[in-house]
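Structure first, commentary second.
We use all heavy atoms of the structure for the numbers below, so side chains are in, but hydrogens, waters and symmetry mates are not.
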Amino acid sequence: MQENTAEKNISRQALGKLIAAHDGDVALLYLHWLQSGSLDTEQAASALCRTMREITAAEEKLRRMGLLTDSGQAAPPQADPGAPADPPEVLPQYLAADLTRRSREDPAFSAILAEGTRVIGHSLSSNDMRVLFGIYDYLGFPAEVIFMLLSDCAEQFAERYGTSRRPSAKAIEKLAYEWARQEILTLEQAESYIDARRERRGEIGRIKILLNIYGRELTATEEKYISSWLDMGFHEEAIAIAYDRTLTKTNALKWPYMNKILLSWHEKGLHTAKEIEEKDTRRTPAPHGSTAGEQKPVDMDALRRIIDKI
């Protein structure tokens, strides 16, 4: 009878590891062994409708995750109500011999190593190989998604630091966990994410020029402001009007003041230049301690010509 073993609860720690693995075979095998209480790969393959090769691969992965004992027993960590639900973002340690063996036996992993060498820009260290294998094995990213991940990481580094600087394994690992949190696990999802990121970078670049910021990168806070405005649905012409009013009232680009203007429009549902021109009848308040004069009307035709040139 299996009633006693079936009543075992999965700890939050074990559940977090299974989710982070992004591998349905691993999760099914763990649940099967937790219920049956013993290792029987043939029985598991039959019960789960998997091949022996799939079961063996899942078994090996469970051992590396620390969820299966050497004696073949499912080994869930003791339940700890205070334990965090999410596992720490640390990839498992792998033996160099195992990595070398997998690179010989697995053509997909061998291709990942070759692409990783190209992106990182030098021969891979044992830690570099560990990171790439962890993304492939532990996080469960398909090879084609890892190629997209490596390409995106290289592109982001080039945008930020110039083409002479290459991403490190640490940067690649950080981005991989970011993708895992957003559940970017297929080629289609990766392509959609990268396209959206490129579009957003283009929008931010145009806003940067509109705000007359040249010769330097935006700070993290400045970029956060702009991203929040775009997320609210503001058109570039509307942001230009807010910038004009900010300069008129403060004689400088005051980010909090400009943000206050845009938030007030957002609360009224005004996100385009036309909506603002027609419905924003209240004048923007002057900063504390200053005297408000007549607000200069915005020349919409001139503004659109400026936007078109950007």
Side-chain angles (χ1 to χ4, degrees), residues 148 152 155-156 158-160 174-175 178-184 186 188-310:
M148 296 291 289
D152 186 46
E155 182 176 309
Q156 291 191 42
E159 290 174 355
R160 191 173 305 167
K174 181 179 179 181
L175 184 60
E178 181 181 322
W179 282 30
R181 287 193 297 271
Q182 298 184 57
E183 298 186 351
I184 303 171
T186 68
E188 293 75 16
Q189 290 170 331
E191 290 175 341
S192 177
Y193 169 81
I194 291 174
D195 287 344
R197 188 189 65 78
R198 287 172 178 167
E199 182 177 355
R200 173 53 58 89
R201 292 301 303 169
E203 291 173 333
I204 291 175
R206 292 193 295 273
I207 299 299
K208 178 184 173 183
I209 295 173
L210 185 151
L211 299 179
N212 289 316
I213 298 175
Y214 299 96
R216 69 171 180 86
E217 294 296 320
L218 293 169
T219 68
T221 299
E222 291 170 343
E223 188 163 326
K224 185 176 180 180
Y225 270 124
I226 295 175
S227 291
S228 70
W229 301 336
L230 294 171
D231 289 340
M232 291 178 202
F234 282 107
H235 292 197
E236 291 175 20
E237 290 181 349
I239 295 175
I241 296 173
Y243 175 56
D244 177 78
R245 295 193 183 184
T246 300
L247 292 183
T248 300
K249 295 297 182 180
T250 69
N251 295 316
L253 172 54
K254 302 292 186 181
W255 292 89
Y257 187 83
M258 183 171 169
N259 187 57
K260 185 177 180 180
I261 295 173
L262 289 160
L263 284 175
S264 70
W265 290 342
H266 181 61
E267 291 172 358
K268 299 173 186 177
L270 311 179
H271 298 96
T272 68
K274 182 178 180 182
E275 291 170 344
I276 293 166
E277 186 179 16
E278 293 176 351
K279 300 178 182 179
D280 181 39
T281 57
R282 190 179 71 178
R283 294 189 329 192
T284 303
H288 180 69
S290 65
T291 302
E294 291 298 321
Q295 183 168 304
K296 180 182 177 181
V298 176
D299 186 337
M300 297 307 300
D301 291 335
L303 180 59
R304 292 190 180 96
R305 288 195 294 272
I306 293 173
I307 295 296
D308 290 340
K309 292 179 180 179
I310 296 177

message: Quick check: closest heavy atoms across Ala238 and Ala273, and the distance to 0.1 Å?
response: CB-N, 4.2 Å
message: Using every non-hydrogen atom in the two residues, find where Asn259 and Ser228 come nearest and quote the distance to one decimal.
response: OD1-OG, 4.4 Å
Within a strict 4.5 Å, meaning less than it, do heavy atoms of the [X] and [Y] side chains meet?
{"X": "Ile184", "Y": "Met148", "result": "no"}
{"X": "Tyr214", "Y": "Ile209", "result": "yes"}
{"X": "Leu262", "Y": "His266", "result": "no"}
{"X": "Trp255", "Y": "Thr246", "result": "no"}
{"X": "Asn212", "Y": "Leu253", "result": "no"}
{"X": "Tyr243", "Y": "Ile261", "result": "no"}

Not counting sequence neighbours, which residues clear salt bridge (Lys or Arg N to Asp or Glu O under 4.0 Å) with [X]? List them please.
{"X": "Asp195", "result": "none"}
{"X": "Glu203", "result": "Arg200"}
{"X": "Arg160", "result": "none"}

Just verifying a value: how many Å separate [X] [atom1] and [Y] [atom2], rounded to the nearest 0.5 Å?
{"X": "Glu277", "Y": "Thr272", "atom1": "CD", "atom2": "OG1", "answer": "9.5 Å"}
{"X": "Ile213", "Y": "Glu222", "atom1": "CD1", "atom2": "CD", "answer": "5.0 Å"}
{"X": "Met258", "Y": "Tyr225", "atom1": "CE", "atom2": "OH", "answer": "11.0 Å"}
{"X": "Ile204", "Y": "Trp229", "atom1": "CD1", "atom2": "CH2", "answer": "11.0 Å"}
{"X": "Ile194", "Y": "Glu191", "atom1": "CD1", "atom2": "CD", "answer": "7.5 Å"}
{"X": "Ile207", "Y": "Ile239", "atom1": "CD1", "atom2": "CD1", "answer": "3.5 Å"}

query: Distance-only, no hydrogens or angles: does the Lys208 side chain make a donor-acceptor pair with backbone N or O of Glu223 under 3.5 Å?
result: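 Here the side-chain-to-backbone pair does not exist.
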message: Using modelled atom types and a 3.5 Å cut-off, is there a donor and acceptor pairing between side-chain atoms of Ser192 and backbone atoms of Glu188?
response: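 Looks like no, no N/O pair under 3.5 Å.
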Please enumerate all residues that pass side-chain hydrogen bond (donor to acceptor under 3.5 Å, both in side chains) together with [X], with sequence neighbours excluded.
{"X": "Tyr193", "result": "Glu178"}
{"X": "His235", "result": "none"}
{"X": "Glu155", "result": "Arg197, Arg198"}

task: From the options Glu237, His271, Lys268, Arg245, select the one residue that forms a side chain to side chain contact (heavy atoms under 4.5 Å, CB included) with Ile276.
output: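 Exactly one candidate clears the test, Arg245.
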